[in-house]
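Numbers restart at 1 for each chain; the letters A, B, ... are given by sequence-line order, proteins then strands. Predicted model, so just to flag it, every value in this text is computed and none were measured.
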Amino acid sequence: MADSAQVVREQDPVRSVLRADGSLAGDPRRALGLTPEGFVDLYRKMVSIRRADQEALNLQRQGELGLWGQFLGQEAAHVGATMALEPTDWIFPSYREFGMAMCRGIDPATMLTVFRGLTHGAWDPRKFHFAPLAIPVATQVPHAVGFAMGSRLEGSGEVVLVTFGDGATSAGDWHEAMNFAGVFKAPVIFLCQNNYWAISVPLPRQTAGRIADRAAGYGFPGIRIDGNDVLAVFAATRAAAERARRGDGPYLIEAQTYRMGAHTSSDDPTRYRTAAELEAWSSKDPIARYERWLRAEGLLDQAGVDGIGKEAESTAEKMRTRLREAPAPDPGKAMFDRVYSRPSPGFQQEREEFESSLESPG
Amino acid sequence: MSSVTMAKAINTSLRDALRKNPKTLIFGEDVGPLGGVFRITDGLQKEFGEDRVFDTPLAESAIIGISVGLALKGFRPVPEIQFDGFIYPAFDQIVSHVAKYRNRSGVPLPITIRVPFGGNIGAVEHHSESPEAYFAHTAGLKVVTPATPGDAYGLLQSAIEDDDPVVFFEPKSRYYLKEEIDLPSAAVPIGKAKISREGSQVSVIAYGPTVETALQAARSAEQEGISLEVIDLRSLSPLDTETVLASVRKTHRAVVVHEAPVFGGFGAEIAARISHDAFDVLEAPVARVAGLNIPYPPARFEKLYLPDADRILQAVDAALAYG
Ligand SMILES: Cc1ncc(C[n+]2csc(CCOP(=O)(O)OP(=O)(O)O)c2C)c(N)n1
């Protein structure tokens, strides 16, 4: 089996701001326009979403969730990309972007009700500028491009970020959407979280080329960055957003990262990957690396780290309690309420029959 | 004889097909080293090599599209679609080409598309659908679904040996249903329904995952002195109307069961056939017990959506009390 670390070839340097050891490869302060608090906030958010992700996995193991798809190892992509956007910019996620949703202010307990099997969609996309999860792979990509085309038509100025995995880049929808984006100069950022695995299928089975290079074929630029470097993700996304806002069209960012956990709680990755590969990637952990740099820069000390850890703990605890206390919705409401804007009399009648059948069992 | 699960029976059937015919190929998402998300292709790549059992890029349209080309080249492709809800990107290839290639060219297209389908597994959205009616509606395709391990083995053999394309729906909630059988089990011809349980008062017509539900209903009904005949269609297209009509001519009443929404569902075809061809003997309207006319609900509510033994028995009671 191919070693994912080899994907990064010598002649093919991954663009980073922070090296794996936490030292600096560029000058982020000038480039990023972040305040000292802004830098610390990226750390706080990564710590917080990682802790919540772990808690969600625990909840799944306790039977509180039907399924959980961890994003462990991909925190830099979630936080760096989301925080580089304006809150009015839209995000179109796949199914693994719990961390992005948290960064957007969506209540994590509410979000988990999807994985508890209570609802197919737990938030109003219009309120958070965060589209519903898209489980069929790559299907959200054309939605994002359409939204971006609309934004351009109206001159309303929102930029759109759509995110997906490496597997998604094989799907027809992805290519069709990339092409539309190029043709219509849509203000959209394609963020590929290339975590090397699509369930058990490794990257070389998805493409014989490089994901970032595909943008050229559609007439716009693409870059490959170190997706475990929060500053690199932030910088690339910010640059792509500014470019899109200026009217210069789409941009593809291939963020190289790694899915440290299983595909989902139903998956057994020991069947297809080695412990050595995991170990190689743990040394590139996005949080440890960033923490080292913040400390070295004097932006964060032990007390700060402890405080942020405590905060994350209490967020996770609240999430757990709120989820457990979440009332099961009324079945009629959950199943029938959102199917049509104006239900037909026939549909209404079916609902009534269903509801009365619940009242009189047998 | 040994106790065999449906998952094991399908796995063995695939293995035997690979052994029998060197032109048989298996491919799809995660079917290789992982052995499929349901482990249905477990061990096959190891035994037959990466040329004959292989993982593909994540692209259902191309998985089916390349099947057309491979079939044209003389192979027998057995592509897997990972879940029912992910077959839609391939819909164009299936409807426009897999179904119609022979009619256009005279060239046979021996493709077997395996699709785990149906609900009742507590899954997230798009993992519990029953899209069989779309395909049964499409001339040129054969559509089959087993309800028991023995039938799963035999029906899959027939599907892979068939010179026409077959959509093979596997009732994923019944993958671990067991049966005492010897493998290889007997061949099961496509287009032949089976009487799963004989009875005299009402014919309950089901397929795939709901056959077991109908049998549960029949066992409860027996305790109340009501005799149900359970028919397992096994093949939706071609449809064995003869077996269905013979049963209804005996019982004079019919209840059709499936998980897919009732509106425009496959049950409508059965009900129409019975109503037309056995109108003279019917003592009650043909009833349909099926999924509600809503998108498949979140897992917490799926039991309220799916047909169960109680709902079948209510329809049976109504049929018996009719008139
Ligand atoms: C159209 C479609 N086919 C198959 C699946 C089943 N499936 C879910 S996730 C997945 C792999 C996706 O890999 P990738 O796009 O790299 O994203 P990742 O899960 O690694 O974040 C597959 C095959 C699906 N959800 N949608």
Output the distance between atom CG (B:Asp55) and atom CZ (A:Arg205), rounded to the nearest 0.5 Å. 6.5 Å
OH (A:Tyr218) with more than 12 external heavy atoms under 6.0 Å: yes
Beyond-backbone contact of A:Glu350 with B:Ile294, side-chain heavy atoms, under 4.5 angstrom: no
Identify the two heavy atoms, one from A:Gly117 and one from B:Pro298, that lie closest to each other, and give their separation to 0.1 Å. O-CB, 3.1 Å
Any idea which heavy atoms bring B:Ala59 and A:Ser170 closest together, and the distance? CB-O, 3.5 Å
With rounding to the nearest 0.5 angstrom, report the OG to CG distance, A:Ser200 to B:Asp30. 3.5 Å
What option among A:Leu118, A:Val201, A:Val339, A:Leu67 has the most heavy-atom pairs under 4.5 Å with chain B? A:Leu118
Heavy-atom distance under 4.5 Å to chain B: side chain of A:Pro269, backbone, both or neither? neither
On a heavy-atom basis, the closest approach of A:Pro331 and B:Leu304 is CB-CD1, 3.7 Å
Interatomic distance, A:Ile199 atom CD1 to B:Gln82 atom CD [nearest 0.5 angstrom]: 4.0 Å
Got a sec: does the CZ of B:Arg219 have more than 12 other heavy atoms crowding it under 6.0 Å? yes
Which bit of B:Pro297 is near chain A, if near means a heavy-atom gap under 4.5 Å: side chain, backbone, both or neither? both
Look up atom CZ in A:Phe354 and atom CZ in B:Phe301, then write down how far apart they are to the nearest 0.5 Å. 8.5 Å
Honestly, the part of A:Tyr340 sitting under 4.5 Å from a heavy atom of chain B is neither
Has A:Phe336 got more than 12 heavy atoms of other residues, nucleotides or ligands less than 6.0 Å from its CZ? yes
Let me know if A:Arg116 has heavy atoms under 4.5 Å from chain B in its side chain, its backbone, both or neither. both
Heavy-atom pairs under 4.5 Å with chain A - which of B:Asp317, B:Leu313, B:Leu34 has more of them than the others? B:Leu34
Any chance CZ of B:Arg39 has more than 12 other-residue heavy atoms, nucleotides or ligands included, within less than 6.0 Å? yes
Is chain B contacted by the side chain of A:Asp267, its backbone, both, or neither, given a heavy-atom distance below 4.5 Å? side chain
To the nearest 0.5 Å, tell me how far A:His120 NE2 sits from B:His126 NE2. 7.5 Å
Can you tell which part of B:Tyr88 gets under 4.5 Å to a heavy atom of chain A, answering side chain, backbone, both or neither? neither
Using a cut-off of 6.0 Å, state whether more than 12 heavy atoms not belonging to B:Glu50 lie near its atom CD. no
Using a cut-off of under 4.5 Å on heavy-atom pairs, state which of A:His263, A:Met335, A:Gln206 scores highest against chain B. A:Met335
Contacting region of B:Phe86 [heavy-atom separation from chain A under 4.5 Å]: side chain
Within a reach of under 6.0 Å around CZ of B:Phe48, are more than 12 heavy atoms found that belong to other residues, nucleotides or ligands? yes
Validation row: A:Tyr95, B:Val124 side chains within 4.5 angstrom (heavy atoms): no
Quick one: pull up CD in B:Gln314 and OG in A:Ser357 and give me the separation to the nearest 0.5 Å. 7.5 Å
